Asks: 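Take this structure first; my questions come after.
Numbering of ligands and ligand atoms starts at 1, following listing order. Note that the coordinates shown come from a computational prediction; the quantities given were computed from them, not determined experimentally.
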Amino acid sequence: MLEFTTSPLPNPTSPEERAAAMASLGFGTLFTDHMVTIRYTEGQGWHDAVLGPRQPIPLDPAAAVLHYAQEIFEGLKAYRMPDGSVASFRPQANAARFNQSATRLAMPHLPEELFVESIRQLVAADAAWVPDADKGSLYLRPFMFASEAFLGVRPAREYIYCVIASPVGGYFKGGKSTVTLWVSHDYVRAVPGGTGAAKCGGNYAASLQPQAQGIAQGCDQVLFLDAVERKWVEELGGMNVMFVFNDGTIVTPPLNGSILPGITRESLSAVAAEAGYTLKEQPYSFDQWQEDAKNGRLKEAFACGTAAVITSIGEVRSTHGNFVIGNGDGGEVARTLREALVGIQLGKRPDTHGWMTTLA
Ligand code: PLP
Ligand code: COI
């Protein structure tokens, strides 16, 4: 594996400054002292792995990412364990998904061990930035973009891979325990054969206008329907979605090529089974959802993902009707699953699946 060159920041943030900055955590506004960069050049492969100070990256104005959006990213968290060590949840799964995204965007693969090592290097340098377990976690953002200066449209021949880290609390403002969704009937996020299953920046750019419409309607997140029939629930702008019925089954839309294969989503299938629930992958239409919410067959719905963890959906709004889920306050199943999942992530419950990797 590539050796890392380490050049720590000569004057890192003092413990006092860090404590003040971390006194109240939001999402993605505060960053640690360091970053990892690794370069790729066609013919040479990956080279120049550096753990250094977090700083701006000089880019040629013709860099392909600035024109054709050849960019992918990942999101995972590092948690403070009861013994003071730091561990992350299924980083190998993020490494594998990163390479699946790379394939779709015609980018080079990063060896999975190098992905995990890059995170280990950054977390070891910035371990003091991992919040206490009751306050939050350290969100890790690995990403890769085309840095070659070339305006012809073809896969670039040079890339930069980078990892930055941000101490975070809850994703939703004010640590909301229930969110309101805006169902977009005007826009779609992804189409069959498109890039929906890849974690590329372009998908998020496409979600911003419908997300802004949702915010204008007093909602927290946008939910997208399928692009072909405009009927089937797919996922939210940045999370997967699950539905809980009065017979104890949990339903989530199947991976159809346009939904992001969430690691939380996949992990919940095991966690739900252990808690006595059956998680089924089944198409679910917006009309049925509205009907089930009104007739009481639907008990709960929740968003799941790294940033959101598990967040109950209280209310749904759209140009085709508004409705409340359950009593609008979230529910028991989401709470039970969240406790079970977070228990494993924080080292408070046994890690029977071998999901945790110690980083520092
Ligand atoms: N769907 C989208 C569009 C996302 O951005 C995310 C977050 O990464 C997820 C789903 C959930 O994925 P994961 O559980 O791997 O964080
Ligand atoms: C994450 O949960 O890691 C995500 O990427 C979602 C974020 C873009 C809101």
Asks: If we check side chain to side chain contact (heavy atoms under 4.5 Å, CB included) with Phe89, which of these qualifies: Leu341, Leu76, Thr306?
Replies: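 Among Leu341, Leu76, Thr306, the one that satisfies the side chain to side chain contact (heavy atoms under 4.5 Å, CB included) with Phe89 is Leu341.
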Asks: Heavy atom to atom 5 (O) of ligand 1, shortest distance: which of Tyr204, Tyr171, Phe89 holds it?
Replies: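 Comparing heavy atoms across Tyr204, Tyr171, Phe89, the nearest one to atom 5 (O) of ligand 1 lies in Tyr204.
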Asks: Is there a side-chain contact between Tyr171 and Met239, using heavy atoms and a 4.5 Å cut-off?
Replies: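 The answer is yes, as the side chains (C-beta and beyond) meet within the 4.5 Å cut-off.
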Asks: Nearest protein heavy atom to atom 8 (C) of ligand 2, by residue and atom, and its distance?
Replies: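 Heavy-atom neighbour on the protein nearest atom 8 (C) of ligand 2: Tyr204 CE2, 3.9 Å.
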Asks: What residue and atom, counting heavy atoms only, is the protein's closest point to atom 2 (O) of ligand 2, and at what distance?
Replies: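 Ranked first by proximity to atom 2 (O) of ligand 2 is Ala307 N, 2.8 Å.
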Asks: Can you check whether Val244 reaches Glu332 side chain to side chain, under 4.5 Å on heavy atoms?
Replies: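 Contact flag for Val244/Glu332 side chains = no.
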Asks: Kindly identify the option in Lys77, Arg97, Arg265 whose heavy atom sits closest to atom 15 (O) of ligand 1.
Replies: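 Among Lys77, Arg97, Arg265, the closest heavy atom to atom 15 (O) of ligand 1 comes from Arg97.
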Asks: Looking only at distances, can you tell me whether any N or O atom of Tyr139, backbone or side chain, sits closer than 3.5 Å to an N or O atom of ligand 2?
Replies: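 The answer is yes, given that Tyr139 and ligand 2 share an N or O pair closer than 3.5 Å.
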Asks: Check this for me - ligand 1, Arg189, N or O atoms closer than 3.5 angstrom, yes or no?
Replies: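 No; every N/O pair is 3.5 Å or more apart.
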Asks: Check for a donor-acceptor pair, side chain of Thr252 on one end and backbone N or O of Val241 on the other, with a separation under 3.5 Å.
Replies: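 It does hold such a pair.
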Asks: Out of curiosity, is Glu74 lining ligand 1, as in a heavy atom under 4.0 Å away?
Replies: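 Judged by the 4.0 Å heavy-atom criterion, Glu74 does not count as contacting ligand 1.
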Asks: So, is Phe73 polar-close to ligand 2, with some N/O to N/O distance under 3.5 Å?
Replies: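 For ligand 2, there is no N or O atom that lies under 3.5 Å from one belonging to Phe73.
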Asks: Counting C-beta onward and ignoring hydrogens, is there a side-chain heavy-atom pair between Val179 and Gln221 closer than 4.5 Å?
Replies: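 They are not in contact (no side-chain heavy atoms under 4.5 Å apart), so the answer is no.
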Asks: Return the closest protein heavy atom for atom 6 (C) of ligand 2 as residue, atom name and distance.
Replies: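 Nearest protein contact, heavy atoms only, for atom 6 (C) of ligand 2 is Gly238 O, 3.5 Å.
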Asks: If hydrogens are left out, which of Arg90, Lys199, Glu266 has an atom nearest to atom 8 (O) of ligand 1, that is, the closest non-hydrogen atom?
Replies: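 Among Arg90, Lys199, Glu266, the closest heavy atom to atom 8 (O) of ligand 1 comes from Lys199.
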Asks: Heavy-atom contacts under 4.0 Å between Met239 and ligand 1: side chain, backbone, both, or neither?
Replies: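 Near ligand 1, Met239 shows its backbone, while the atoms from C-beta on stay back.
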Asks: Among side-chain atoms of Asn256 and Glu234, is any donor-acceptor pair under 3.5 angstrom?
Replies: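 A donor-acceptor contact under 3.5 Å links the two side chains.
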Asks: Side chain or backbone, does Lys199 bring an N or O within less than 3.5 Å of an N or O on ligand 2?
Replies: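 For ligand 2, there is an N or O atom that lies under 3.5 Å from one belonging to Lys199.
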